[in-house]
Amino acid sequence: MNGDDLARRIGVLRAHGQGLSKLSLIWKHKQASSDTTGADCAKVARDPLRRLEPLRRRMAASR
């Protein structure tokens, strides 16, 4: 590996790092600006369980 190839690889890695850094800043800002409450999270978590209840009943009936 000569100096030009090493410089090119380092440049690519730096570019990827800068892109990920910008993306993480955007992601952190989006997370912090969320207006959800604990009650909203609990409601979202319970809804899939309600949808799975008929499947559980069918599985229990077939055993």
Enquirer: Would the number of heavy atoms belonging to other residues, nucleotides or ligands and lying under 6.0 Å from CZ of R14 be above 12?
Expert: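 Count not over threshold, so no.
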Enquirer: Looking at residues at least two apart in the chain, or sitting in another chain, which of them share a side chain to side chain contact (heavy atoms under 4.5 Å, CB included) with R58?
Expert: P54, L55
Enquirer: Less than 4.0 angstrom from a charged side-chain N to a carboxylate O is my criterion; do R8 and D4 meet it?
Expert: no
Enquirer: To the closest 0.5 Å, what do you measure between NE2 (H16) and CG (L13)?
Expert: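 Rounded to the nearest 0.5 Å, the NE2-CG separation comes out at 7.0 Å.
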Enquirer: What residues form a side chain to side chain contact (heavy atoms under 4.5 Å, CB included) with L20, not counting sequence neighbours?
Expert: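 In terms of side chain to side chain contact (heavy atoms under 4.5 Å, CB included), with neighbours along the sequence ignored, L20 is linked to no residue.
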Enquirer: Name all residues meeting the side chain to side chain contact (heavy atoms under 4.5 Å, CB included) criterion together with R57; count only those two or more places apart in sequence or in a different chain, and write none if there are none.
Expert: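 If we apply the side chain to side chain contact (heavy atoms under 4.5 Å, CB included) test to R57, skipping adjacent residues, the hits are E53.
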